[in-house]
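So the structure is just underneath, and the comments pick up after that.
Convention: sequence-line order gives letters A, B, ...; per-chain numbering from 1.
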Protein chains: 2
Amino acid sequence: MFDQETGTGARGKSDLRRSYDDRLNNILESATGLIARVGYAKASMRLVAKEAGVSLAGLYHYFDSKEKMLFLIQFRTFSALVLTVQEKLYGIADPVEQLHVMVRAHVAYFAANMAALKVCSHELESLINSAYEETGELRRDYYGLLRAIVDRILDARAPNSKLDRYVATMSLFGTLNWLYRWYDPKRGRSPTTVSHQIASQFLNGVLGVDNGSKQSLNTE
Amino acid sequence: MFDQETGTGARGKSDLRRSYDDRLNNILESATGLIARVGYAKASMRLVAKEAGVSLAGLYHYFDSKEKMLFLIQFRTFSALVLTVQEKLYGIADPVEQLHVMVRAHVAYFAANMAALKVCSHELESLINSAYEETGELRRDYYGLLRAIVDRILDARAPNSKLDRYVATMSLFGTLNWLYRWYDPKRGRSPTTVSHQIASQFLNGVLGVDNGSKQSLNTE
DNA sequence: GAAAACCGAACGTACGTCCGATCGACAAAA
DNA sequence: TTTTGTCGATCGGACGTACGTTCGGTTTTC
């Protein structure tokens with residue numbers, strides 16, 4: 001079940017493939033925007049069809065159910081996000097810089113794909129059973145990336161900290177996944193500025209925290 | 001429009017009123033649990049009726065549409081949250097302690113009302129137009145509470161900070177509103193522990209941050 | 001001319017809401 | 001004390017609509 005093409009595999013006979021893929025991407029993009037705007041449940045296939053300029057029946061040439069459409073959107077978005085972050089992380093050794101890079105990459109990806117990331121953040125539970133678990137793998141990968149960075153930072157700079165690293169990691173995820181509710185890069189704040197502040201706050205937060213090995217509120 | 005009783009006004013003729021209110025609370029509680037579990041769109045009135053032990057038509061004796069039902073849930077939950085926080089804040093002068101108190105109150109309220117807060121966090125946009133704006137007033141109140149605390153903290157302890165206070169406040173809201181995705185107080189971590197770490201991280205985050213007036217990463 | 005892309009129209013279902021009737025408690029009238 | 005009347009609470013059943021999906025056929029592409 002749920003073995004429909006996800007678009008991440010390479011494939012030959014490129015000419016026919018090209019136009020099919022282009023059209024699919026096109027439709028998925030329209031659907032993504034619509035779902036981000038009105039929510040998955042209220043984004044009827046009829047509306048998706050209208051938005052994409054296809055007939056209702058024509059949609060089913062590209063995926064065989066509404067849920068698989070959502071799955072495709074989430075799977076592709078999440079795969080691309082994980083990939084982008086991994087690429088940007090490549091070759092960076094300092095864990096503190098890794099954190100900055102990962103947060104910056106996430107915020108930048110959000111700024112460039114607001115609708116898609118909103119759908120990923122907000123419509124997680126609209127996927128049921130097998131589809132939910134399949135994207136869950138990617139989410140765990142993403143969590144693992146951030147958690148590993150947090151571990152390296154704390155091991156290196158606050159090894160005796162009593163800080164709960166799961167809580168710390170999740171608190172940052174909360175900040176990042178909530179972006180879609182308030183942050184609009186078109187309204188003044190640049191992604192770089194915002195990501196820098198988020199990463200800095202987090203770093204000082206976990207390093208300066210009252211964790212048993214020291215105490216630091218050196219303000220005045 | 002949307003002037004249906006919200007349950008916050010006092011009222012006489014208590015005996016008849018009592019049983020009506022009790023039943024309403026009962027139904028709303030069932031509905032809240034169901035919506036938290038399956039989402040607003042998939043929580044059909046038929047399911048709500050079954051869950052609450054009422055007939056489908058009987059539901060409409062207590063609210064005149066599905067949306068008003070959701071509005072009641074959100075309005076009551078949010079009102080109670082704002083009230084609780086304001087009460088706990090009363091008489092506390094030190095802004096740093098105010099922050100701890102507010103975060104602790106929020107997490108405690110979440111732990112005691114997980115379904116209701118999930119519905120408030122997740123189904124915000126399921127309310128349209130007038131209803132959305134009416135709860136928006138409460139959300140702005142709540143933002144104002146936290147923002148004022150952040151302002152007092154920064155004015156007192158880092159007045160020259162270049163920190164974007166809106167971003168700082170929203171990053172904390174993100175952490176708090178994302179709780180429903182991962183935090184289960186029944187699984188080990190106490191609300192006190194979690195809220196303490198969240199508040200401490202945030203405090204050290206905004207006070208220790210590289211903001212032009214100082215720099216502090218005093219770890220080894 | 002085969003295969004892929006696309007479509008109009010329909011099917012069955014599930015939804016939110018409403019109508020008319022019944023039930024039950026309780027107070028005024030007998 | 002019984003009867004009657006009122007009104008809130010509750011219900012079965014229906015109405016109209018919108019949904020996801022499918023079928024059979026047409027158009028387009030190479």
Interatomic distance where [atom1] belongs to [X] and [atom2] belongs to [N] [whole Å]:
X: B:Tyr20; N: D:dC7; atom1: OH; atom2: P; answer: 18 Å
X: A:Lys50; N: C:dG8; atom1: NZ; atom2: C1'; answer: 14 Å
X: B:Leu59; N: D:dA9; atom1: CG; atom2: P; answer: 14 Å
X: A:Phe71; N: D:dG20; atom1: CZ; atom2: P; answer: 19 Å
X: A:Asn26; N: C:dA5; atom1: CG; atom2: P; answer: 14 Å

Write out all pairs satisfying salt bridge (Lys or Arg N to Asp or Glu O under 4.0 Å) with one or both partners inside residues 52-61 of chain A, taking only residues at least two apart or from two chains.
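Qualifying pairs, neighbours excluded: none.
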
Quick one: salt bridge (Lys or Arg N to Asp or Glu O under 4.0 Å) pairs with a partner in residues 90-107 of chain A, sequence neighbours left out?
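Residue pairs with at least one partner in residues 90-107 of chain A: there are none.
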
Quick test: give all pairs of protein nitrogen or oxygen and nucleotides 13-17 of chain C nitrogen or oxygen below 3.5 Å, distance rounded to 0.1 Å.
{"residue": "C:dG16", "atom": "OP1", "partner": "B:Lys66", "partner atom": "NZ", "Å": "2.8"}
{"residue": "C:dG16", "atom": "OP2", "partner": "B:Met45", "partner atom": "N", "Å": "2.8"}
{"residue": "C:dG16", "atom": "N7", "partner": "B:Arg46", "partner atom": "NH1", "Å": "2.8"}
{"residue": "C:dG16", "atom": "O6", "partner": "B:Arg46", "partner atom": "NH2", "Å": "2.9"}
{"residue": "C:dT17", "atom": "OP2", "partner": "B:Tyr60", "partner atom": "OH", "Å": "2.9"}
{"residue": "C:dT17", "atom": "OP2", "partner": "B:Lys66", "partner atom": "N", "Å": "2.8"}

Proximity to the side chain of A:His61 - top-ranked nucleotide from D:dG8, C:dC7, C:dA5:
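Per side-chain heavy atoms of A:His61, the pick is C:dA5.
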
Can a side chain N or O of B:Tyr62 be found less than 4.0 Å away from OP1 or OP2 on D:dT10?
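Result: yes.
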
If the cut-off is 4.0 Å, is A:Arg23 near the phosphate of C:dC6, judged by side-chain N/O to OP1 or OP2?
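A:Arg23 to C:dC6 OP1/OP2: side-chain N or O found under 4.0 Å.
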
Residues in side chain to side chain donor-acceptor pair (under 3.5 Å) with A:Thr193, at least two apart?
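A:Ser190.
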
Not counting sequence neighbours, which residues clear side chain to side chain donor-acceptor pair (under 3.5 Å) with B:Tyr40? List them please.
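Side chain to side chain donor-acceptor pair (under 3.5 Å) check on B:Tyr40 returns nothing, list empty.
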
Indicate the atoms forming the closest heavy-atom contact of A:Gln74 with A:Leu124, along with that distance.
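The pair with the smallest heavy-atom distance is NE2-N, 3.9 Å.
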
Tell me which pairs pass side chain to side chain donor-acceptor pair (under 3.5 Å) where either residue lies in residues 139-150 of chain A, with sequence neighbours left out.
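Of all non-adjacent pairs touching residues 139-150 of chain A, those that pass side chain to side chain donor-acceptor pair (under 3.5 Å) are A:His106-A:Tyr142, A:Tyr132-A:Arg139, A:Thr135-A:Arg139, A:Tyr143-A:Arg147, A:Arg147-A:Asp151.
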
